[in-house]
Amino acid sequence: MAGARTDLQGQRPDHQHDPHLPSGGRGYGWSLDDGHRRRSLPVAPHLPGQLPFFSAPPGAGHNPAALPEQLQVGSIRQNTSPGPHCTQVFHMRLPIRAVTPKTEFAEIIGWVHEVRDLGGLSFFLIRDRTGIIQVTIPKKKVPAEVLDTARNVSRESVVRVRGRVKAIEKAPGGREIVPEELDIISIAESPLPLDVAEKVPAEMDTRIDSRFLDVRKPRVRAIFFIRSMVTCAAMEFLASRGCINITTPKIVAAATEGGTELFPIAYFEKEAFMNQSPQLYKQMMMAAGFEAVFEIGPIFRAEEHNTIRHLNEATSLDVEVSFADHNDVMDLLEDLIVHVYGCVRETCADQIAELGVDLTVPAKPFPRIPYTEAIDIANRAVEEKLSFGDDLSPAAERAIGDVIGQHYFIVDWPTDIRPYYAMPYPDRPEFCKAFDLMHPRMELSSGAQRIHDHDLLVARIRAKGLSPESFEFYLRTFRYGMPPHAGWGLGIERLVMTMLDLSNIREAVLFPRDRHRLMP
RNA sequence: GCCCAGGUAGUGUAGUGGCCUAUCAUGACGGCCUGUCACGCCGUCGACACGGAUUCGAAUUCCGUCCUGGGCGCCA
């Protein structure tokens, strides 16, 4: 490992700082093992259990006790566990956000966000995922090595800065570091494939080509921090409601539901497909007696669509609950949406501010509009009139969304345009207990009470022109005691997209898979 | 699958037959500058997707290829 040392670090006398790696057994080369540094560093910047950058800012009135009861589930909101966003897992350096005007001395590691050279004075903005800090270099006052390194550093290089913190009104965050040491840990090539400082915009295509750089932008990173909170909050919420977290196969034998196109793959000597939905498997877990399950996982659709709201690989949050009907699971879905919005609002204030969105928690209950009424509303607004049995066009969805102006359900769909497993109303079988959850912009989720009667299910499969034989692995679970059940599937990307008012669904996924893109 | 729009320095753009060895911004490089915060100023560098055609002359028109964006369809 010692041989790996490069001349970038050559001038540094302190061997314990070798950034090249975890020297054997003791963890990180940067661990705070030097007596002097231990003394000079501020008191532990990480309060136990604190989420350094997800916690609400001081004075923001973070008071879980004041929240409506339905929002007070679990620990994420209350910051009692480190959680997935905690920066304090490693102690190689101080997270930039933890450097305050009161900090005396700090060592930070981050990316060079911007450089402004004023001649005798130059400013470096150093960024990590917690924030940005200004490093000020008065050329006549810093060591010659620092000056030398500062001359050679390029934007987006990773640098280590160690120095005294000064409280300066004029500096961003009211503080800056004057370096005693400055090392280039990893030099960035130039020019950059896109401008991380966001002075010049980049097209989505360029951005995805260099997604690792694109997500360095604080604005883009904020989307994914929030997405993380969305899924964490949803999981926590569902667990609190007694749902069991399951995973189901993504490689399946047959086109199980008809309808959407599947991606074929080679599975040894057999043909197989990428699964379009966990639907059949989560229903099978009702037969297994799990009573309530959820899964967050990928789904694959081989449709050649080319729109800002479709992906060929998406993330679905699927829920299935026994001894429940469509109304019960709509209530659950509504509660989940409100909970997730609430969690994001409470814990991601910085990210919301970064994105400049107005994130209001939707009010319960969401209106439940029968399909026939939805058609009427749409027909008052759109040119292309819909008739009974038509699915809603994107224009119709938007027209209804404009009228309703908030999240809403469309209920009581014609049985013919819903999947075979949707439960028809016994007294009017042309309608079924299916629903869609709509955001004013688009569909977020669809679900239904399912058919739990074997023979009725077989009849419905036949009526759809499908063959019950190819569903035997599924149908047999209905012959040994299948409870009544209901459930839904929710598109995570669409949830994030509508929550943050993103113009393109690709913004809500790190590495989108669409009609043309397979890399990176 | 159908339709529409597009491809110009690393990035984002202007440019609809000669005014273009191509505009502006950002960037990189060099120089000046001690409180910037999209720092400022001076200078330099860097591009017309590919192939063919029309024309005295093509970034610009036409044809083909490749690539891209979007709408619709499709999408429980």
Side-chain angles (χ1 to χ4, degrees), chain A residues 113-125 132-142 151 154-156 166 168-174 176 178 188-210 213-214 255-262 276-280 283 299-312 314 316 318 384 390-396 398 413-422 432 434-436 442-443 445-448 450 460-461 464 466 487-489 491 494 503-504 506 514-517:
Chain A
H113 191 69
E114 265 185 78
V115 179
R116 293 187 201 108
D117 186 353
L118 272 63
L121 187 65
S122 56
F123 299 102
F124 284 68
L125 297 184
I132 290 180
I133 191 166
Q134 176 165 291
V135 171
T136 301
I137 303 181
K139 290 186 183 167
K140 286 179 184 163
K141 293 178 191 165
V142 297
R151 255 196 296 275
S154 56
R155 290 164 88 219
E156 294 305 318
K166 289 169 69 180
I168 298 277
E169 284 273 331
K170 292 178 263 190
E176 66 183 17
V178 179
E189 281 182 22
S190 181
L192 296 163
L194 53 78
D195 173 27
V196 178
E198 294 186 272
K199 290 178 188 174
V200 180
E203 291 199 356
M204 184 60 74
D205 203 45
T206 308
R207 294 172 50 198
I208 302 297
D209 280 341
S210 300
L213 280 177
D214 184 54
T256 47
E257 289 182 54
T260 192
E261 294 290 321
L262 301 180
Q276 64 179 100
S277 147
Q279 178 63 30
L280 305 189
Q283 284 191 262
I299 55 171
F300 304 90
R301 309 268 164 111
E303 303 294 338
E304 297 197 9
H305 34 48
N306 186 214
T307 77
I308 54 167
R309 60 186 183 285
H310 288 98
L311 293 166
N312 293 290
S316 178
D318 270 88
E384 300 222 355
D390 287 342
D391 214 335
L392 298 178
S393 63
R398 285 190 296 268
W413 287 71
T415 307
D416 284 348
I417 58 171
R418 300 299 289 207
Y420 56 79
Y421 46 74
C432 65
F435 59 87
D436 279 358
M442 70 183 76
E443 176 187 335
S445 169
S446 64
R450 325 296 191 185
R460 291 299 308 150
I461 289 172
K464 287 281 181 186
L466 299 167
W488 40 259
R494 286 190 175 189
S503 59
N504 190 321
R506 294 170 183 87
D514 61 30
R515 178 66 187 86
H516 300 290
R517 187 173 284 278

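Numbered from 1 within each chain, the chains take letters A, B, ... in sequence-line order.
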**Q** Between A:R151 and A:D117, does any side-chain N to carboxylate O distance fall below 4.0 Å?
**A**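 No salt bridge links A:R151 with A:D117.
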**Q** Can you tell me the distance, in whole Å, between the CG atom of A:L213 and the P atom of B:G27?
**A** 16 Å
**Q** What is the nucleic acid contact for A:P138, judged by heavy atoms within less than 4.0 Å: base, sugar-phosphate only, or nothing?
**A** nothing
**Q** When the P atoms of B:U26 and B:G69 are considered, how many whole Å apart are they?
**A** 28 Å
**Q** Quantified in whole Å, what is the C1' atom distance between nucleotide B:C48 and nucleotide B:A59?
**A** 5 Å
**Q** For A:S446 and A:F435, indicate whether the former's side chain and the latter's backbone hold a donor-acceptor pair under 3.5 Å.
**A** no
**Q** Rounded to the nearest angstrom, tell me the gap between atom CZ in A:R155 and atom P in B:A38.
**A**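 For the pair A:R155 CZ and B:A38 P, the rounded distance is 14 Å.
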**Q** Give one of base, sugar-phosphate or nothing for A:Q134, where a contact means two heavy atoms less than 4.0 Å apart.
**A** base
**Q** Taking donor-acceptor contacts at under 3.5 Å, does the side chain of A:E203 reach the base of B:G6?
**A**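 No, no donor-acceptor pair under 3.5 Å.
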**Q** Can you tell me the Watson-Crick or wobble partner of B:C74, both distances under 3.5 angstrom?
**A** none
**Q** Taking only the side-chain heavy atoms of A:I308 (C-beta and beyond), determine which of B:C39, B:G71, B:G12 contains the nearest atom.
**A**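 Looking only at side-chain atoms, A:I308 lies closest to B:G71.
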**Q** Just the rounded figure in Å: distance from P of B:A76 to CD of A:Q276.
**A**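 Going from CD in A:Q276 over to P in B:A76 covers 6 Å.
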**Q** Between the side-chain atoms of A:S190 and the base atoms of B:A28, is any donor-acceptor pair under 3.5 Å?
**A**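 There is none.
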**Q** Kindly say whether, by distance alone, the side chain of A:R301 makes a donor-acceptor pair under 3.5 Å with the base of B:A76?
**A**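 By the distance-only test, yes, there is a pair.
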**Q** Over all strands shown, is A:K140 touching base, sugar-phosphate only, or nothing at heavy-atom distances under 4.0 angstrom?
**A**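 It contacts base atoms.
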**Q** It should be established whether A:T206 places a side-chain nitrogen or oxygen under 4.0 Å from OP1 or OP2 of nucleotide B:G12.
**A** yes
**Q** Rounded to the nearest Å, what distance is computed from the CZ atom of residue A:R309 to the P atom of nucleotide B:G73?
**A** 8 Å
**Q** What is the pairing partner of B:G69, taking Watson-Crick or G-U wobble pairs with both distances under 3.5 Å in any strand?
**A**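 Across all strands, the one nucleotide that pairs with B:G69 is B:C4.
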**Q** Name the nucleic acid region contacted by A:E176, choosing base, sugar-phosphate or nothing; use a 4.0 angstrom heavy-atom cut-off, strictly under.
**A**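 Base contact - A:E176 has a heavy atom under 4.0 Å of at least one base atom.
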**Q** I want to verify a distance call: between B:G35, B:A76, B:G1, whose nearest atom is closest to the A:E304 side chain?
**A** B:G1
**Q** What about A:H310, does its side chain sit under 3.5 Å from the base of B:C75 through a donor-acceptor pair?
**A** yes
**Q** Give the rounded distance in Å between these two atoms: CZ of A:R207 and C1' of B:G69.
**A**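 Rounding to the nearest Å, CZ of A:R207 and C1' of B:G69 are 14 Å apart.
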**Q** Any donor and acceptor pair, going by atom type alone, linking the side chain of A:S154 with main-chain N or O of A:E189 inside 3.5 Å?
**A** no
**Q** Looking at A:K199, does any N or O in its side chain come under 4.0 Å of the phosphate oxygens OP1/OP2 on B:G27?
**A**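 For B:G27, OP1/OP2 do have a side-chain N/O of A:K199 under 4.0 Å.
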**Q** Would you say A:R301's side chain and A:Q276's backbone share a donor-acceptor pair under 3.5 angstrom?
**A** yes
**Q** In whole Å, what is the span from the CZ atom of A:R517 to the P atom of B:G69?
**A**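 Rounded to the whole Å, the gap is 7 Å.
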**Q** Answer yes or no: is there a donor N or O on one side and an acceptor on the other, between the side chain of A:R494 and the main chain of A:E443, under 3.5 Å?
**A**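 Yes.
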**Q** Does A:D436 come within less than 4.0 Å of A:R418, counting only side-chain N to carboxylate O?
**A** yes
**Q** For A:H310, is there any backbone N or O sitting under 3.5 Å from a side-chain donor or acceptor partner on A:T307?
**A** yes
**Q** Classify the side chain of A:Y420 and the base of B:A76 as holding, or not holding, a donor-acceptor pair under 3.5 Å.
**A** no
**Q** Checking contacts here: which listed nucleotide (B:U36, B:U34, B:A28) is nearest the side-chain heavy atoms of A:L121?
**A** B:U34
**Q** Report which part of the nucleic acid A:R398 touches: base, sugar-phosphate, or nothing (heavy-atom distance under 4.0 Å, all strands).
**A** sugar-phosphate
**Q** Expressed as a whole number of Å, how far does the C1' atom of B:U61 sit from that of B:G18?
**A**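 Their C1' atoms lie roughly 15 Å apart.
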**Q** Considering only B:G12, B:G73, B:U34, which nucleotide approaches the side chain of A:P394 most closely?
**A**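 Of all the options, the side chain of A:P394 is nearest to B:G73.
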**Q** Say we look at B:G71 and B:U13: how far apart would their C1' atoms be, to the nearest angstrom?
**A**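 Going atom to atom, C1' in each nucleotide, I get 25 Å.
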**Q** Heavy atoms, side chains only, cut-off 4.5 Å: are A:R309 and A:P394 in contact?
**A**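 Result yes, sub-4.5 Å side-chain heavy-atom pair found.
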**Q** What does A:D209 touch in the nucleic acid at a heavy-atom separation under 4.0 angstrom: a base, only the sugar-phosphate, or nothing?
**A**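 Counting heavy atoms under 4.0 Å across all strands, no contact is made by A:D209.
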**Q** A:R116 near the nucleic acid: base, sugar-phosphate alone, or nothing, with a heavy-atom cut-off under 4.0 Å?
**A**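 Base contact - A:R116 has a heavy atom under 4.0 Å of at least one base atom.
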**Q** A:H305 side chain N/O closer than 4.0 Å to the phosphate oxygens (OP1, OP2) of B:C75?
**A** no
**Q** Closest to the A:E303 side chain: B:G12, B:C75, B:U26?
**A** B:C75
**Q** State whether A:R506 places a side-chain N or O below 4.0 Å from either non-bridging phosphate oxygen (OP1 or OP2) of B:G70.
**A**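 Yes, because at least one side-chain N or O of A:R506 sits under 4.0 Å from OP1 or OP2 of B:G70.
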**Q** Rounded to whole angstrom units, what separation is found between the CD1 atom of A:I133 and the P atom of B:U36?
**A**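 Rounded to the whole Å, the gap is 18 Å.
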**Q** Categorize A:D117 for me: base, sugar-phosphate, or nothing, with a 4.0 angstrom heavy-atom threshold over every strand shown.
**A** base
**Q** For the side chain of A:R515, counting heavy atoms from C-beta on, which of B:G69, B:G1, B:C74 is nearest?
**A** B:G1
**Q** Look at the side-chain N and O atoms of A:N504 and state whether any lies under 4.0 Å from the OP1 or OP2 oxygen of B:G70.
**A**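 Checking B:G70 against A:N504, a side-chain N or O does come within under 4.0 Å of OP1 or OP2.
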**Q** Write down the distance separating the C1' atoms in B:A14 and B:A25, rounded off to the nearest Å.
**A**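 It works out to 11 Å between them.
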**Q** Work out how far the P atom of B:G7 is from that of B:G12, and round it to whole angstrom.
**A** 13 Å
**Q** Please measure how far the C1' atom in B:U16 lies from the corresponding atom in B:A38, and state the result in whole Å.
**A**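 Straight-line distance between the two C1' atoms is 33 Å.
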**Q** Is A:R207 reaching over with its side chain to a backbone N or O of A:P201, donor-acceptor style, under 3.5 angstrom?
**A**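 No; zero donor-acceptor contacts below 3.5 Å.
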**Q** Answer with base, sugar-phosphate or nothing: what part of the nucleic acid does A:A422 contact at a heavy-atom distance below 4.0 Å?
**A**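 It contacts nothing in the nucleic acid.
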**Q** Which one, B:G73, B:A76, B:G35, comes nearest to the side chain of A:S393?
**A**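 So the side chain of A:S393 is nearest to B:G73.
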**Q** Can you tell me which nucleotide in B:G12, B:G35, B:A76 comes closest to the side chain of A:R418?
**A** B:A76
**Q** Quick one: A:D205 CG to B:A49 P, roughly how many Å, whole number?
**A** 16 Å
